[in-house]
Amino acid sequence: MKKVILALVLLGALVAYFVFDLGQILSLESFKASQADIVAAKDANPVLYISGFFLVYVAVTGLSIPGAAIMTLVAGALFGVLVGTIIVSFASTIGATLAFLSARFVLRDWVQGQFGERLRAIDDGLEKDGAFYLFTLRLIPVFPFFVINLLMGLTRIKTRTFFWISQLGMLPATIVFVNAGTQISLIESTAGLLSPALIASFVALAFFPWAAKGIVALVQRSRG
């Protein structure tokens, strides 16, 4: 019954997102149109605004609702690079972990029953290299944020490992987007923020731990 209730809550949130057109609210155009008023309200009560923004960000990412990228830009516009990065880093990781736990609680048993052998093979791989694998996925922004959360929830990876690796792996892209948000008036969409060169840099960074691990293993074998 608990699983059914949680599933209905998640489904209801997604339905509300489309029925009430919340995507229009969580849009670049909507923020730009009201930016002056929002900044004035934030300056009048910064603690309340930071707290509210943090909670909304956690809800958006926890429910896997589109809008996290726009909110990251907005964080830069409202709070600057340092404070914006801190807010987004923790809010996105907490939200991701909630989505991860929801998938594990609601879907894990069903997936285990349907694809037990295949899932066991994935679990075995993650048992060996789970932290490296997740770190690689987090560092490369082309992989959808919410898909990684949900898929990892179907595995046996430990929650604390998922949390700290996610926070570390998402940090470079978070800094890039928050920094871009400080110039939000010049941005027309999020599509152009991740250039091929920048993505290539993230890919190189993502595979560095694997290369380092291989070198260490090679040195150990040569000494043996």
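Remember, it's a predicted structure, so these values are computed and weren't measured experimentally.
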Heavy atoms, side chains only, cut-off 4.5 Å: are M71 and V56 in contact? yes
Hey, are the side chains of F53 and V74 touching, using non-hydrogen atoms and a 4.5 Å cut-off? yes
Please round to the nearest 0.5 Å and tell me the distance separating atom CE of M152 and atom CZ of R104. 10.5 Å
Kindly assign one of parallel, tilted or perpendicular to the pair F162 and F100, based on the angle between their ring planes and the thresholds 30° and 60°. parallel
Between A75 and V88, the two heavy atoms sitting closest are CB-CG2, 3.5 Å
Closest heavy-atom pair, S89 versus L171, reported as atoms and distance to 0.1 Å, is OG-CD1, 4.2 Å
Heavy-atom pair of closest approach, residues A68 and V60: N-CG1, 4.0 Å
Same hydrophobic cluster for I94 and L63, using side-chain heavy-atom links shorter than 4.5 Å among ILVMFWY? yes
Close side-chain approach of T97 to S166, heavy-atom, < 4.5 Å: no
Taking a hydrophobic cluster as the set of Ile, Leu, Val, Met, Phe, Trp and Tyr residues connected by side-chain heavy atoms closer than 4.5 Å, whether directly or through intermediates, do V47 and I86 fall within one such cluster? no
Got a sec, which residues hit ring pair (Phe, Tyr, Trp, His ring centres under 6.0 Å) with F146, two or more places apart in sequence or on another chain? none
About how many Å separate OG1 of T72 and CZ of F145, when rounded to the nearest 0.5 Å? 8.5 Å
To the nearest 0.5 angstrom, please state how far the CG atom of N179 sits from the CG atom of L82. 12.0 Å
Measuring from atom CG of N149 to atom OG of S64, what distance do you get when rounded to the nearest 0.5 angstrom? 6.0 Å
Stepwise side-chain contact (heavy atoms from CB on, under 4.5 Å) test for T93 and F163: CA-CA 6 Å; T93 305; F163 184 95; 3.5 Å; yes
To the closest 0.5 Å, what do you measure between CG (L134) and CG (L151)? 11.0 Å
Mind checking whether I148 and I165 sit in one hydrophobic cluster, side chains of I, L, V, M, F, W, Y counted as touching below 4.5 Å? yes
For F79 and G84 the tightest heavy-atom approach is CB-N, 3.9 Å
Heavy-atom closest pair, residues F54 and A91: CE1-N, 3.6 Å
Should L101 and I157 be regarded as members of a common hydrophobic cluster, given that ILVMFWY residues are connected when their side-chain heavy atoms come within less than 4.5 Å of each other, either directly or indirectly? yes
Residue pair G62 / A99: nearest heavy atoms and the distance that separates them: O-CB, 3.5 Å
Spell out, yes or no, whether L48 and I38 are grouped together once hydrophobic residues are joined by side-chain heavy atoms under 4.5 Å, including indirect joins. no
Taking V178 as the fixed residue, which of T182, T174, I175 is the one that meets the side-chain contact (heavy atoms from CB on, under 4.5 Å) rule? T174
